[in-house]
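Worksheet: the structure to be examined is printed underneath.
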Amino acid sequence: MSHPTTALSVNLNKVALVRNTRHLGIPSVPLAAAMCLDAGAQGITVHPRPDERHIRPHDVRELSELLRRDWPDAEFNIEGNPFHNLMEFVRELRPHQATFVPDSEDQFTSDHGWTFPDDAERLRPLIEECKALGVRVSLFMDPAAEMMAGAKAVGADRVELYTEGYAASRGTSRAGTVLGLYSQAAQAAQAAGLEVNAGHDLSRDNLTDFLRAVPGVREVSIGHAFIADALELGYAATTREYLRCIEDAR
Ligand SMILES: CC(=O)[C@@H](O)[C@H](O)COP(=O)(O)O
Ligand SMILES: NCC(=O)COP(=O)(O)O
């Protein structure tokens with residue numbers, strides 16, 4: 001049985017970060033989205049952090065409108081902490097997917113996932129609200145196989161495996177062991193009835209090996225390395241390169 005291809009969702013945080021360093025409106029976040037989608041990306045991800053260091057509320061609204069109008073088959077994934085500002089965007093814009101991330105307001109970058117059973121009861125009503133609005137819920141998780149049943153029990157549709165640990169292990173003596181943790185976590189999630197996404201520090205150098213080792217990943221959301229590559233190659237060529245990395249894993 002042929003498995004669905006892993007979707008590429010381009011995270012545009014770092015386009016907004018550069019844009020915010022002048023009052024000129026360039027580089028354009030919507031134009032970056034259009035060029036990546038035109039080149040074949042299946043979705044767009046943003047993480048509108050409360051301090052607005054990069055993606056700002058107007059970016060989220062403009063992208064939601066752009067995708068609805070011009071790219072109805074593309075998915076819009078909004079990431080954030082549901083106890084901070086994420087739910088306002090979910091209620092207003094009803095994206096295809098909300099990715100719950102347990103970041104503090106001033107966090108340098110995302111660096112850990114939810115834990116179960118600790119986080120279950122406070123997450124449950126917000127997950128129920130998202131699903132009642134027709135929004136798929138993905139929980140940002142460390143590769144902990146033992147946590148996946150808890151993620152399912154609280155009502156999540158998907159988990160997003162936090163892949164910084166995988167990226168950092170590449171080229172070390174722990175690489176095989178660490179990759180095995182991700183494979184086990186993905187299998188445990190799928191056995192529990194969850195679908196699996198992945199993201200953080202994925203790149204052209206590490207993506208194919210990850211997808212070959214970790215079965216059935218539905219979506220990878222990639223931003224930092226993608227935008228760094230796009231500074232050299234352009235959005236369209238970079239999108240094609242990442243789609244090739246995904247295809248090479250099939
Ligand atoms: C949740 C995650 O790992 C990333 O999607 C996150 O958006 C990165 O945030 P920064 O781009 O602010 O580092
Ligand atoms: N969820 C991961 C994401 O959207 C982008 O993470 P990164 O590629 O910027 O590390």
Side-chain angles (χ1 to χ4, degrees), residues 6-21 27 29 32-33 36 41-57 59-60 63 74-86 89 95-114 136-143 151 156 158-170 182 185-186 195-208 210-211 214 217-231 235 238-239 241-242 245-246:
T6 302
L8 172 64
S9 185
V10 179
N11 181 310
L12 297 178
N13 292 353
K14 301 300 162 54
V15 179
L17 189 70
V18 174
R19 190 267 325 271
N20 292 350
T21 56
V29 170
C36 293
Q42 288 89 4
I44 297 296
T45 290
V46 291
H47 191 148
R49 294 183 179 275
D51 64 9
E52 298 190 9
R53 68 187 73 168
H54 41 55
I55 292 290
R56 293 173 170 165
D59 294 309
V60 189
L63 288 170
E75 284 214 349
F76 192 32
N77 175 39
I78 306 177
E79 299 182 326
N81 189 319
F83 303 107
H84 298 161
N85 61 341
L86 176 64
F89 293 112
H96 298 84
Q97 179 173 266
T99 299
F100 287 14
V101 187
D103 285 5
S104 60
E105 299 206 7
D106 60 352
Q107 197 157 315
F108 177 67
T109 188
S110 308
D111 62 10
H112 66 284
W114 301 100
R136 180 194 315 132
V137 175
S138 179
L139 298 180
F140 196 63
M141 300 286 290
D142 295 299
R158 295 191 182 179
V159 292
E160 177 180 337
L161 297 181
Y162 166 47
T163 46
E164 188 274 338
Y166 159 68
S169 73
R170 297 270 292 175
Y182 285 88
E195 294 183 309
V196 176
N197 294 346
H200 204 98
D201 285 347
L202 292 175
S203 70
R204 281 188 290 164
D205 299 329
N206 63 34
L207 179 56
T208 299
F210 181 83
L211 294 177
V214 179
V217 174
R218 296 300 310 275
E219 173 194 282
V220 287
S221 45
I222 306 175
H224 193 89
F226 183 104
I227 300 304
D229 288 334
L231 291 173
Y235 293 123
T238 299
T239 300
E241 272 291 291
Y242 278 80
C245 291
I246 292 170

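Quick note: numbers below take in every heavy atom, side chains included, and nothing from hydrogens, waters or symmetry partners. Counting starts at 1 for both ligands and their atoms, following the listed order.
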Exercise. Salt bridge check: are Arg19 and Asp59 linked by an N-O gap of less than 4.0 Å?
Worked result: yes
Exercise. Charged N to carboxylate O below 4.0 Å: is that the case for Arg136 and Glu195?
Worked result: no
For this session: For the pair Tyr162 and Phe140, name the ring-plane relationship: parallel under 30°, tilted 30 to 60°, perpendicular over 60°.
Result: tilted
For this session: Apply salt bridge (charged side-chain N to carboxylate O under 4.0 Å, His left out) to Asp103 and list each qualifying residue two or more places apart in sequence or on a separate chain.
Result: Arg49
For this session: Go through the structure and list residues passing salt bridge (charged side-chain N to carboxylate O under 4.0 Å, His left out) with Arg56, not counting sequence neighbours.
Result: none
Exercise. Between the side chains of Ser104 and Gln107, is a donor N or O closer than 3.5 angstrom to an acceptor N or O?
Worked result: yes
Exercise. Which protein residues have a heavy atom under 4.0 Å from ligand 1?
Worked result: Asn11, Asn13, Lys14, His47, Arg49, His54, Glu79, Val101, Thr109, Ser110, Phe140, His200
Problem set entry | Nearest-0.5 Å distance that lies between atom OG in Ser9 and atom CD in Glu79 | 8.0 Å
Exercise. Counting N and O atoms only, with roles assigned by atom type, does the side chain of Thr6 sit under 3.5 Å from a partner on the main chain of Val217, one being a donor and the other an acceptor?
Worked result: yes
Problem set entry | Main-chain N/O of His54 paired to Asn20 side chain as donor or acceptor, under 3.5 Å | yes
For this session: Would you check ligand 2 and list the protein residues that come within less than 4.0 Å of it by any heavy atom, ordered by chain and number?
Result: Asn11, Thr45, Glu79, Glu160, Gly199, His200, Asp201, Ser221, Ile222, Gly223, His224
